[in-house]
K.L.:
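Please find one structure pasted underneath; my questions will follow.
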Amino acid sequence: MRGLDSGRAVLERTFDFRNFWTWLFLGAVVGVIAGLGAILFQMALEVTRLFCFQSLVGIDPGHPGGEPPLVSFPIAETFSPGWLLVLPALGGLGAGFLTLRFAPEARGHGTDAAIRAYHREAGAIRWPVPVVKFFATVLSMGTGGSGGREGPIAQIGAGAGSVLAMRLGLSVRYRRWLLAAGLGAGVGAIFRAPLAGAIFAGEVLYSDPEVETEVILPAAVASIVAYAVFAAKYGYGHMFTDVTGPGFSNPLELGPYAVLAVVVAAGAALYIHVFYGADGFFRRLRVADWLKPVIGGFATGAVGLALYLLVSDRRVLDVMSTGYGILQDVLGGGPPVGLGVLLLVAFGKILTTSLTIGSGGSAGVFGPSMVIGGTLGAAVGQVLHSWVPGVVQAPANYAIVGMAGFFAAAANTPLSTIIMVSEMTGNYELLVPAVWVCALSFLVSRRWSIYRSQVPSKVFSPAHFAEYAMVVMGRARVSEVYKKNRRFACVTPDMTLGEAMRATAETRQRIFPVVGPDGHLAGAFHIGELMHALHSDPSAAERRKVRDLMHPAELRVRSSDPVARAHRLMASRGVDELMVTEDRDPTVILGILTGADVLLAYNRRLALVEAEEGLAVRPEGSAQGLLGAGSGSAGDPEDEGHSDQQT
C-alpha cells in the first residue's frame, strides 16, 4: 500500500490531472451541448428553408455538396414570385417579436454579442438568449433573410458555456473560458472545422494580430466533441465536395493573387460600410421596432426578386438565406456561372445581409462573407484568366482563396479563416496563396472590422485589466491623478451624528475626514457607517458624536504614492474613494481620490497608447467597469462626484 501511495504521489506531482479532468469534463459538456444545438439548429433551418422555397416559392434553393437535404418537399408546379416578398417579411416579424419580447441581446449577428460578453460583461450571457437566438434565426433565415449560421450557433454555444459556468459557481475567468469554448465549439461543429473553431475562439476577440491563447485548449476540447456529435448526424465529410484543381506551383501567380487581395479587401470595406450604414438607418427610422425587421425582410425579398427577373438564373436567389448553392457550383465543377451572375450575387449579398441583420433580424455574418468572397474571387479569377491564361489556369482557385481573404479583411481573423476555408473545402493545396492573400488583405484592412465589440489587444480588454492596467498607467502618481480643485466635506469630532448627516447631505462623497480644531486629520468614517448608525438607532442622531463613529484614517494615500498602490487599496477594501494627504505630514489632508479619477487617468493614457499604435478607432467602453471597487462616482469619469461645499 505504501508503494502504491508513493507511486500515486509521484504521478500527481508529474502530471496535472486536476486540470486534465476539469477541462475534459467541462469542455466535453459544452461540446455536447453545442453539437446537439448545431444539429437541432441545422435541421430546423433546413426544414423551414426547404418548405418555404420548394413548396411555396416553387424553386430549389440549392445547397453545399456535403449537406444533402435530410428532408424534401414537393416543388410547386409554378414559380410564385410574390412569396419572395412575403416570406422574409413574415420571418422578420417573428424574429423581431421574439428578440424584442424576450431577449434584445439576440438581435443582429450573435458572434459580436458573444465577444462583447467576453470583454465587458464578465462572460455572462442570460439563459434565454441562446433559446431566443435559435428560433429567431430559424425564422429569419429559413424564410429567406440573408445571413450565416455561425453567428447564431456561436451565441448558442457561448451561452451554453456561460450558463454552465454560472450554474457551477465558477470564477469569472473560467466563465470567460467556457464562453469562448462554446463559441468555438458551435463554429467548429456547424462548418465541420474543429481546428478552425478552436483558433477562431481565441482570435476573433481582438482586432490586432493577437490571440487569446488561454482559451484555445478549452475551445479545442469543446470544438472536437461538438464536431464529433454534429458529424455523427451529418457525416464527417467536408462541407463543399468535389473541390479539385491544381494547387499553387507558379510563383508568377503571386501577382494576380495580390490583385485578388486588394479586391476582396475593398469588398470587405464596402460590406462593413453598407452593413453599419443600414444598421444606423434602421435605428434612426421612426417606426415601431417590431416593424423594422418586416421592412428589412420585404426589401431583402425585393432585391432577390429583382435580380431573378433580371437574369432568370436561380442562383442569383442565393442573395437570400444561406446562399451556399452558387459556391458549390463554382468550387465543385457544377454548371458554369457567368461573370455577371457572380458580381450580382456578390454585391446583392452585401445589400440583403445588411437589410436583414441591420433591420433587427437574427443571422450571422460569416456565411455571407464566404459567399461574397467566393463570388468576388471567382469573378477576379475569370477576368485574370482571360488576360493571362498561362499564369491563371484555375479560376475556381480564386474563389477558395477569395473566401479566406474576404473574411480575414472583414473580421481581422486571418489564421482561423485560412484553416476554416481549407477544412470546409478539403483543399489544402492552396495554403500558400491563401496565406499570401489573407496577410495582404488583413494588413490593408486593420482599421475596420465587422465585429465592433473586438478590442485591439489585451491591453484594451477589461478581461485583462488587472494584468495591464498599471502597465498602461506607467509611473503615474496620485498627485497627477486626483482633482486638486475638487471641494470636499470634512466634519469635526464634536459634531452630533445628526449634524454630520446634515453637513454631508448635499454631497456624493463617501469617505469623510474628521479634523480636529487645528485642522489636522484625526480620523475618518464611511457614509455607510453613518447611515447604519442612524438607521439602527434613530436616537443616536442627537445623542452620539462623530468621535464615537470615527476610526483611524486608514483609507488614505500620500500624494507621491503610485496610483498602483491606490488601486490595490481600493480593490482590497471595496471602496472607490481614498483621502490624499501631504507627504511630510499625513495628518494634513489635500483632497479626495476617487475611482473615477483613476479610471479617467487610465483612459487618457490608453488614448496615448492608442495614438502611438496609430489606431484610428477607439473601442467603445474600453475601460468601463474596470475597477470593480465600488459604485457611484466611479462609474462616471467626468463627474466630480461631490458638491462644492467645504465644512
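Side chains are part of it too, since the values below use all heavy atoms of this structure and drop only hydrogens, waters and symmetry mates.
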K.L.:
Is there a side-chain contact between Ile350 and Leu270 in this structure, where contact means two heavy atoms from C-beta onward sitting under 4.5 Å apart?
P.N.:
yes
K.L.:
Going from CG on Leu593 to CE on Met570, what distance comes out if it is rounded to the nearest 0.5 angstrom?
P.N.:
4.0 Å
K.L.:
Do Leu168 and Leu26 have side chains that get closer than 4.5 Å, going by heavy atoms?
P.N.:
yes
K.L.:
Side chains of Ser416 and Glu203: donor-acceptor distance under 3.5 Å anywhere?
P.N.:
yes
K.L.:
What distance do Thr322 atom OG1 and Met370 atom CE have between them, rounded to the nearest 0.5 Å?
P.N.:
13.5 Å
K.L.:
Within the side chain of Thr375, is there an N or O that forms a donor-acceptor pair under 3.5 Å with the backbone of Val345?
P.N.:
no
K.L.:
Start with the C-alpha distance between Glu150 and Leu183, add both sets of side-chain angles, then the distance that settles side-chain contact (heavy atoms from CB on, under 4.5 Å), and finish with yes or no.
P.N.:
CA-CA 9 Å; Glu150 96 297 333; Leu183 187 156; over 6 Å; no
K.L.:
Checking Ser445 side chain against Ser441 main chain: does a donor-acceptor pair fall under 3.5 Å?
P.N.:
yes
K.L.:
Thinking salt bridges, do Arg192 and Glu423 make one under a 4.0 Å N-O criterion?
P.N.:
no
K.L.:
Looking at Met141, is its backbone amide N or carbonyl O close enough to the side chain of Ser321 to form a donor-acceptor pair, meaning the two atoms are under 3.5 Å apart?
P.N.:
yes
K.L.:
Report yes or no: do Asp112 and Ser453 form a side-chain donor-acceptor pair below 3.5 Å?
P.N.:
yes
K.L.:
What's the shortest heavy-atom distance between Tyr271 and Ser369, and which atoms?
P.N.:
CE2-OG, 3.4 Å
K.L.:
Determine the minimum heavy-atom distance between Ile190 and Ile153, stating which atoms define it.
P.N.:
CG2-CG2, 3.8 Å
K.L.:
Counting only N and O atoms by type, is there a donor-acceptor contact under 3.5 Å from the side chain of Glu210 to the main-chain atoms of Ser457?
P.N.:
no
K.L.:
For Lys483 and Thr594, what are the C-alpha separation, side-chain angles and deciding distance, and is it a side-chain contact (heavy atoms from CB on, under 4.5 Å)?
P.N.:
CA-CA 9 Å; Lys483 295 179 179 177; Thr594 70; over 6 Å; no
K.L.:
Got a donor-acceptor contact below 3.5 angstrom from the Ser449 side chain to the Arg452 backbone?
P.N.:
no
K.L.:
Do side-chain atoms of Asn427 reach the backbone of Ser422 as a donor and acceptor pair under 3.5 angstrom?
P.N.:
no
K.L.:
Using side-chain contact (heavy atoms from CB on, under 4.5 Å), reason through Phe134 and Ile156 one step at a time and then give a plain yes or no.
P.N.:
CA-CA 7 Å; Phe134 179 99; Ile156 291 168; 4.0 Å; yes
K.L.:
Can you tell me which residue pairs pass the salt bridge (Lys or Arg N to Asp or Glu O under 4.0 Å) test with a partner in residues 154-181, sequence neighbours excluded?
P.N.:
Arg173-Glu214
K.L.:
How many angstroms lie between CD in Glu121 and CG in Leu179, if you round to the nearest 0.5 Å?
P.N.:
9.5 Å
K.L.:
Taking the side chain as every heavy atom from C-beta outward, state whether Val132 and Thr99 have any atom pair closer than 4.5 Å.
P.N.:
yes
K.L.:
How about Phe25: does its CZ atom have over 12 heavy atoms from other parts shown lying under 6.0 Å from it?
P.N.:
no
K.L.:
What's the shortest heavy-atom distance between Pro152 and Gly364, and which atoms?
P.N.:
CD-N, 3.6 Å
K.L.:
Just do the side-chain contact (heavy atoms from CB on, under 4.5 Å) check on Tyr118 and Val215 with the steps written out, would you?
P.N.:
CA-CA 11 Å; Tyr118 181 92; Val215 309; 3.9 Å; yes
K.L.:
Kindly state each residue pair satisfying ring pair (Phe, Tyr, Trp, His ring centres under 6.0 Å) with at least one member in residues 348-375, sequence neighbours excluded.
P.N.:
Phe191-Phe366, Phe366-Phe407
K.L.:
Kindly compute the distance separating CD (Gln454) from CZ (Arg116), expressed to the nearest 0.5 Å.
P.N.:
13.0 Å
K.L.:
Any non-hydrogen side-chain atom of Val365 less than 4.5 Å from a side-chain atom of Thr111?
P.N.:
no
K.L.:
Report yes if the side chains of Leu217 and Trp23 come closer than 4.5 Å at any heavy-atom pair, otherwise no.
P.N.:
no
K.L.:
Looking only at atom types and distance, does a side-chain atom of Lys292 sit under 3.5 Å from a main-chain N or O of Phe282, one as donor and one as acceptor?
P.N.:
yes
K.L.:
Measure the spacing between OG of Ser146 and CD1 of Ile357 and express it to the nearest 0.5 Å.
P.N.:
7.0 Å
K.L.:
Can you see whether Phe41 has Arg149 sitting over its ring - NZ or CZ less than 6.0 Å from the centre and within 45° of the normal?
P.N.:
no
K.L.:
Checking the side chain of Ser162 only, and the main-chain atoms of Gly123 only, is there a donor and an acceptor separated by less than 3.5 Å?
P.N.:
yes
K.L.:
Sequence neighbours left out, what pairs pass salt bridge (Lys or Arg N to Asp or Glu O under 4.0 Å) with at least one residue falling in residues 259-279?
P.N.:
Arg107-Asp279, Asp279-Arg283
K.L.:
How long is the gap from CG on Leu260 to CZ on Phe406, to the nearest 0.5 Å?
P.N.:
11.5 Å
K.L.:
Would you find a donor on one side and an acceptor on the other, under 3.5 Å apart, between the side chain of Gln155 and the backbone of Ala114?
P.N.:
no
K.L.:
Do Thr356 and Ser140 have side chains that approach each other closer than 4.5 Å (heavy atoms only, starting at C-beta)?
P.N.:
yes
K.L.:
With a 4.5 Å heavy-atom cut-off, do Phe200 and Ile419 have their side chains touching?
P.N.:
no
K.L.:
Give the minimum heavy-atom separation between Ala278 and Ser354, together with the two atoms involved.
P.N.:
CB-O, 3.5 Å
K.L.:
Taking the six-membered ring for Trp, are Tyr276 and Trp448 closer than 6.0 Å centroid to centroid?
P.N.:
no
K.L.:
Which heavy atom in Ala363 sits nearest to a heavy atom in Gly147, and how many Å separate them?
P.N.:
CB-CA, 3.6 Å
K.L.:
Ignoring hydrogens and geometry, is there a side-chain-to-backbone donor-acceptor pair from His119 to Leu205 under 3.5 Å?
P.N.:
yes
K.L.:
Going by heavy atoms in the side chains, are Leu384 and Tyr398 under 4.5 Å from each other?
P.N.:
yes
K.L.:
Looking only at non-hydrogen atoms, find the nearest pair between Pro414 and Cys438 and report the distance.
P.N.:
CB-CB, 4.2 Å
